[in-house]
Visitor: 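This structure is in structure tokens; I'll ask about it shortly.
Quick caveat: nothing in here was measured; it's all calculated off a predicted structure.
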Amino acid sequence: MKQLPPLSDPSFGFFASPFGECCIVFTNDGICALTFPESRESAYADLEHRFPKTSFKQNDEKASQFARQIFEEKGKPQLNPAGTEFQLAVWDALLQIPAGQTTTYARIAMQINRPKAVRAVGTAIGANPIGFLIPCHRVIRTDGGLGGFRWGLERKKMMLEYEKE
DNA sequence: ATAAAGGCCACCC
DNA sequence: GGGTGGCCTTTAT
């Protein structure tokens with residue numbers, strides 16, 4: 001992973017999403033993470049692991065504002081994910097998949113001009129820090145299988161169902 | 001440095 | 001349906 005630039009006003013908060021409890025992490029530069037943790041404890045642990053030596057302020061009010069923007073107004077808040085060049089390229093490709101549609105791991109690999117890196121694409125997608133907003137749930141297998149999902153396949157199905165029509 | 005582990009795919013049986 | 005080998009990147013030794 002590349003070294004992170006200093007974070008401006010690092011904050012996090014929890015809210016209830018249509019897909020379960022969410023932890024959102026953000027700074028003045030945008031959203032860094034949106035996850036569906038098993039528990040608050042695991043959310044804290046994840047935070048410390050991914051941003052060592054950084055102290056975050058809890059701000060559930062701002063988190064709720066984001067929630068409203070995302071799930072009620074269907075808005076697109078600014079994103080600020082941290083990753084390698086390869087990962088950023090993959091995540092960028094994900095952002096181009098329209099809601100309600102799906103693509104495959106192989107097609108993403110084509111799109112970023114690394115047609116043979118299909119497996120690595122799967123790994124990079126699995127490392128997506130911003131669930132739902134970076135729509136990793138819209139990627140399925142070439143053979144039609146659902147593929148995997150870091151936060152549980154049931155949740156992946158839920159998201160696809162939510163976006164249908 | 002090197003090994004091991006992945007949200008895969010094409011190919012075989 | 002299931003198993004194998006190849007492919008590429010990341011992470012943990």
Visitor: Can you tell me how far SG of A:C32 sits from CZ of A:F56, rounded to the nearest 0.5 angstrom?
Guide: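 Taking CZ in A:F56 and SG in A:C32, the distance rounds to 6.5 Å.
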
Visitor: As a test of reading the structure: which of C:dT9, B:dG7, C:dT10 is closest to the side chain of A:T84, going by heavy atoms?
Guide: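 Taking heavy atoms from C-beta onward, the closest nucleotide is C:dT10.
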
Visitor: Expressed in angstrom and rounded to an integer, what is the separation of A:N128 atom CG from C:dT9 atom P?
Guide: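 Checked: the CG to P distance equals 19 Å.
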
Visitor: The side chain of A:V118 lies closest to which of these nucleotides: C:dT10, B:dC8, C:dC8?
Guide: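 So the side chain of A:V118 is nearest to B:dC8.
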
Visitor: Does the base of B:dG6 carry an N or O that pairs as donor and acceptor with the side chain of A:R119 under 3.5 Å?
Guide: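 Flag set: donor-acceptor pair detected.
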
Visitor: To the nearest angstrom, how far is A:L88 atom CG from C:dT9 atom P?
Guide: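 Whole-Å distance recorded here is 14 Å.
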
Visitor: Students often get this wrong, so: under 4.0 angstrom with heavy atoms, is A:T123 touching a base, only sugar-phosphate, or nothing?
Guide: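 A:T123: base contact, heavy atoms under 4.0 Å.
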
Visitor: Decide side-chain contact (heavy atoms from CB on, under 4.5 Å) for A:L160 and A:L146; before the verdict, give the C-alpha distance in whole Å, the side-chain angles of both, and the deciding distance to 0.1 Å.
Guide: CA-CA 10 Å; A:L160 290 172; A:L146 244 200; 4.0 Å; yes

Visitor: Within less than 4.0 Å of OP1 or OP2 of C:dT9, is there a side-chain N or O belonging to A:R114?
Guide: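 For C:dT9, OP1/OP2 do have a side-chain N/O of A:R114 under 4.0 Å.
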
Visitor: Need the pair for C:dC7. Rule: Watson-Crick or G-U wobble, both distances under 3.5 Å, any strand; none if unpaired.
Guide: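 Its partner: none found.
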
Visitor: Given that both distances must come in under 3.5 Å, which nucleotide forms a Watson-Crick or G-U wobble pair with B:dG7?
Guide: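 B:dG7 is unpaired by these criteria.
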
Visitor: Whole Å only: how far is the CZ atom of A:F86 from the P atom of C:dC8?
Guide: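 Value for this atom pair: 10 Å.
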
Visitor: Establish, from distance only, whether the side-chain atoms of A:Q111 and A:N113 form a donor-acceptor pair under 3.5 Å.
Guide: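 No, A:N113 and A:Q111 have no side-chain donor paired with an acceptor closer than 3.5 Å.
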
Visitor: Counting the atoms with a prime plus P, OP1 and OP2 as sugar-phosphate, which does A:A120 contact under 4.0 Å by heavy atoms, base, sugar-phosphate, or nothing?
Guide: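 Result for A:A120 = base.
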
Visitor: Kindly point out which of B:dG7, C:dA12, B:dC9 is positioned nearest to the side chain of A:T142?
Guide: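 For A:T142, the side-chain atoms sit closest to B:dC9.
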
Visitor: Send over the distance from A:F36 CZ to B:dG7 C1', rounded to a whole Å.
Guide: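 After rounding, the reported distance stands at 16 Å.
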
Visitor: Could you check whether A:F71 and A:F132 have their ring centres less than 6.0 Å apart?
Guide: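 Between A:F132 and A:F71, the centre distance is under 6.0 Å.
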
Visitor: Taking only the side-chain heavy atoms of A:Q87 (C-beta and beyond), determine which of C:dA12, B:dC8, C:dT10 contains the nearest atom.
Guide: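 Ranking C:dA12, B:dC8, C:dT10 by closest atom to the A:Q87 side chain puts C:dT10 first.
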
Visitor: Looking across every strand, which nucleic acid part, if any, lies under 4.0 Å from A:V121 by heavy atom: base, sugar-phosphate, or nothing?
Guide: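 Nothing, no nucleic acid heavy atom in range.
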
Visitor: With a 6.0 Å cut-off on the ring centroids, do A:F66 and A:F15 count as close?
Guide: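 So the answer is no for these two rings.
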
Visitor: Answer yes when A:R138 and A:E163 have at least one side-chain N-carboxylate O distance shorter than 4.0 Å, and no when they do not.
Guide: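 Between A:E163 and A:R138 there is a salt bridge, with a charged N closer than 4.0 Å to a carboxylate O.
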
Visitor: Closest-nucleotide mapping onto DNA chain C: is A:A127 or A:A117 further toward the 5' terminus? I mean the 5' end.
Guide: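 Comparing both residues, the 5'-ward one is A:A117.
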
Visitor: For the pair made of OH in A:Y105 and C1' in B:dG6, what is the distance, rounded to whole Å?
Guide: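 A:Y105 atom OH is separated from B:dG6 atom C1' by 11 Å.
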
Visitor: How close or far is atom C1' of C:dT10 from atom CZ of A:R50, stated in whole angstroms?
Guide: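 Rounded to whole Å, this separation is 14 Å.
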
Visitor: Look at the side chain of A:R141 and the base of B:dG7, then say whether one donor and one acceptor between them are separated by less than 3.5 Å.
Guide: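 Under the 3.5 Å cut-off, the side chain and the base do not form any donor-acceptor pair.
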
Visitor: Which part of the nucleic acid does A:F149 contact within heavy-atom distance under 4.0 Å: base, sugar-phosphate only, or nothing?
Guide: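 Counting heavy atoms under 4.0 Å across all strands, the contact made by A:F149 includes a base.
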
Visitor: Separation of A:Q111 atom CD from C:dC8 atom C1', in whole Å?
Guide: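 Distance check: A:Q111 CD to C:dC8 C1' gives 18 Å.
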
Visitor: Please report, rounded to the nearest Å, how far the P atom of C:dG5 is from the NZ atom of A:K116.
Guide: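 Value for this atom pair: 19 Å.
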
